[in-house]
Amino acid sequence: MQWNDLIAWIEEEKLGAVRANEPMADHTSWRIGGPAKVMVWPEDTAACSQLLGHCKTTGIPVAVLGYGTNLLVADEGIDALVINTREMNWILWQDHQVRAGAGASLAVLAGQAARRGLQGLAFSIGIPGSVGGAVLMNAGAYNGMISDVVSQVVVLDLNGGQQVLSKEDIHYGYRVSDLKKNHWFVAEALLTLQPGDREALEKEMNDCLKARKEKQPLELPNGGSVFKNPAGEGAGRFIDRAGLKGLRIGDAQVSLKHANFIVNLGHATAKDTYTLIRTVQQRIQQQYGISLEPEVVFWGLKE
Ligand SMILES: Cc1cc2nc3c(=O)[nH]c(=O)nc-3n(C[C@H](O)[C@H](O)[C@H](O)COP(=O)(O)OP(=O)(O)OC[C@H]3O[C@@H](n4cnc5c(N)ncnc54)[C@H](O)[C@@H]3O)c2cc1C
């Protein structure tokens with residue numbers, strides 16, 4: 001009943017398209033996950049603020065979804081209002097700065113920057129996430145990180161209250177940020193880029209995409225790097241050396257191409273995938289005494 005009331009309220013307030021029992025498997029790159037009780041697609045920050053405020057007052061759990069490219073959702077789904085940021089995908093350029101909504105594509109932004117001869121985002125061309133997810137997770141690759149170019153982030157707290165944070169307020173580290181720690185909703189970000197050479201940037205991006213295609217199992221559904229790299233070495237190297245490439249539980253398999261990826265061979269469940277993640281962690285702990293920390297985020301599964 002609570003969920004029907006919520007849907008009726010969202011429709012009445014015109015806060016975005018809304019659906020009940022939306023399969024999360026349709027919204028994650030792993031193609032895994034049971035239904036979200038309610039999913040809403042707000043179009044602006046004001047609508048998000050209203051949604052968060054209402055859920056706080058009524059005690060309804062909320063979860064924020066970007067492009068679902070770093071997310072493992074339980075087979076039972078999630079009893080929450082899932083705020084899908086896809087419609088908040090505006091991008092506004094001004095000289096060498098760009099302001100983008102949470103739901104803008106990082107890869108689209110990187111392409112636009114290169115065409116404008118602006119550097120600072122080329123590293124992100126193959127990262128399939130949203131600006132909001134990238135800013136929260138401090139997405140990075142090839143020695144670049146989104147925090148290198150973030151100048152300002154507009155966030156909402158759990159009550160829906162808006163704040164404008166500077167990079168210094170966020171305390172970025174390797175795949176961590178205070179945004180994540182404080183469960184803030186990232187509504188928009190201002191990025192500052194530097195003048196660069198368009199041709200060189202386009203070449204750098206093409207090389208990067210080619211390298212990813214060669215090294216990563218992009219032909220199968222996956223959730224990106226499963227584990228953070230322990231200091232000094234790639235998590236994939238340990239997994240490979242331990243002989244775990246190809247290890248399979250149900251249809252979840254440690255990729256034969258890149259050991260830090262787990263691929264869905266067709267009908268992998270969250271349970272299969274999660275059990276495989278735990279198995280890999282245990283084997284690496286036993287063999288090397290190293291505790292691998294997941295980079296992927298779990299919804300409805302114990303971290
Ligand atoms: C093939 C592949 C390659 C990848 N390569 C890389 C890589 O090189 N480097 C890298 O860093 N990552 C990589 N990733 C992982 C992923 O793309 C990034 O972590 C990305 O930043 C996640 O963004 P998303 O929009 O998909 O977030 P989601 O997966 O939707 O969400 C991830 C987390 O962020 C939260 N979140 C999302 N949007 C918001 C928001 N607006 N406000 C608050 N919280 C939010 C969610 O609640 C969740 O906790 C890769 C993934 C894949 C599938």
Side-chain angles (χ1 to χ4, degrees), residues 24 27-33 36 39 42 45 48 51-52 61-73 78 80-89 100-110 122-148 153-158 165 170 172 174-189 208-209 211-213 215-229 234 236 255 257-258 260-264 294-300 303:
M24 285 298 300
H27 299 276
T28 61
S29 57
W30 245 320
R31 299 280 167 257
I32 292 173
M39 188 177 285
T45 307
C48 296
L51 288 163
L52 289 167
V62 185
V64 184
L65 176 68
Y67 290 3
T69 61
N70 217 200
L71 203 54
L72 183 63
V73 183
I78 169 165
L81 169 69
V82 173
I83 301 181
N84 186 321
T85 62
R86 283 252 179 200
E87 295 299 320
M88 298 169 66
N89 55 10
S105 152
L106 191 59
V108 166
L109 213 56
F123 76 89
S124 72
I125 186 66
I127 302 179
S130 66
V131 165
V135 165
L136 183 96
M137 306 285 286
N138 195 11
Y142 303 103
N143 298 324
M145 278 184 289
I146 194 83
S147 56
D148 297 339
V153 181
V154 177
V155 297
L156 299 173
D157 61 28
L158 290 171
L165 305 177
I170 298 172
Y172 272 119
Y174 171 53
R175 304 286 182 271
V176 291
S177 70
D178 278 4
L179 301 171
K180 199 172 175 187
K181 211 163 75 189
N182 296 327
H183 305 286
W184 270 322
F185 177 91
V186 175
E188 61 181 76
C208 170
L209 286 176
R212 279 182 183 265
K213 216 171 157 189
K215 290 185 194 145
Q216 299 180 352
L218 303 182
E219 58 288 349
L220 288 167
N222 68 78
S225 293
V226 174
F227 300 106
K228 294 183 186 181
N229 291 326
S255 165
K257 210 165 170 185
H258 191 314
N260 199 18
F261 280 63
I262 288 179
V263 292
N264 177 355
E295 180 168 324
V296 295
V297 175
F298 300 115
W299 281 6
E303 195 153 338

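As the structure lists them, so they are numbered: ligands from 1, and atoms in each ligand from 1.
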How far is [atom] from its nearest protein heavy atom, and which residue and atom is that?
atom	result
atom 13 (C) of ligand 1	Ile127 CG2, 3.9 Å
atom 47 (O) of ligand 1	Val64 O, 2.6 Å
atom 22 (C) of ligand 1	Thr69 OG1, 3.5 Å
atom 28 (P) of ligand 1	Gly68 N, 3.6 Å

Proximity winner for [atom], if only heavy atoms of [options] are counted:
atom	options	answer
atom 3 (C) of ligand 1	Pro128, Ser124, Ala107	Pro128
atom 30 (O) of ligand 1	Ala102, Ala104, Gly66	Gly66
atom 32 (C) of ligand 1	Met88, Arg175, His27, Met137	Met137
atom 38 (N) of ligand 1	Gly103, Gly133, Ala187	Gly133

With a cut-off of 4.0 Å, which atoms of ligand 1 are near a heavy atom of [X]?
X	result
Trp299	47 (O)
Ala139	11 (O), 21 (O)
Ala141	8 (O)
Phe185	42 (N), 43 (C)
Ala134	21 (O)
Val186	40 (C), 41 (N), 42 (N), 43 (C)
Gly224	2 (C), 50 (C), 51 (C), 52 (C), 53 (C)
Gly140	7 (C), 8 (O), 9 (N), 10 (C), 11 (O)

For ligand 1, which part of [X] has a heavy atom less than 4.0 Å away: the side chain, the backbone, both, or neither?
X	result
Arg212	side chain
Leu136	side chain
Tyr174	neither
Leu218	side chain
Asn70	both
Ser29	side chain
Ser130	both

With a 4.5 Å heavy-atom cut-off, do Met137 and Leu179 have their side chains touching?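 Not in contact.
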inquiry  = If you define the side chain from C-beta out and look only at heavy atoms, does anything of Asp157 sit under 4.5 Å from Trp184?
reply    =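 Yes. Closest side-chain heavy atoms under 4.5 Å.
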Pairwise distance [atom1]([X]) to [atom2]([Y]) - rounded to 0.5 angstrom:
X	Y	atom1	atom2	value
Met24	Leu72	CE	CG	10.5 Å
Met145	Phe123	CE	CZ	8.5 Å
Lys181	Ile170	NZ	CD1	12.5 Å
Asn70	Ser29	CG	OG	7.5 Å
Ile127	Ile146	CD1	CD1	7.5 Å
Asn222	Trp30	CG	CH2	7.5 Å

Review point. In terms of side-chain heavy atoms, does Ser147 have a donor or acceptor partner in Asn138 at a distance below 3.5 Å?
Key: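 Short answer, yes.
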For the 3.5 Å polar cut-off, considering only N or O atoms, please tell me whether [X] and ligand 1 meet it.
X	result
Val297	no
Phe261	no
Gly132	no
Tyr67	yes

- Over all atoms of both residues, closest heavy-atom pair of Met39 and Asn84: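 Where Met39 meets Asn84 most closely, the heavy atoms are SD-ND2, 3.6 Å.
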Between the side chains of Glu295 and Arg175, is the shortest nitrogen-to-carboxylate-oxygen separation below 4.0 Å, so that they form an ion pair?
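Salt bridge present between Arg175 and Glu295.
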Task: Pair Lys213 + Glu219: basic N to acidic O under 4.0 Å - done: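 The answer is no: the pair does not qualify as a salt bridge.
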State whether the side chain of [X] and the backbone N or O of [Y] hold a donor-acceptor pair below 3.5 Å, judged by distance alone.
X	Y	answer
Thr85	Leu65	yes
Tyr142	Ser124	no
Ser130	Ser105	no

Considering the options Ile83, Val155, Leu51, Leu158, which one meets the side-chain contact (heavy atoms from CB on, under 4.5 Å) requirement together with Phe185?
->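 Of all the options given, the one that passes is Ile83.
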**Q.** Trp184 to ligand 1, any heavy atom closer than 4.0 Å
**A.**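 Trp184 counts as a contact of ligand 1 under the 4.0 Å cut-off.
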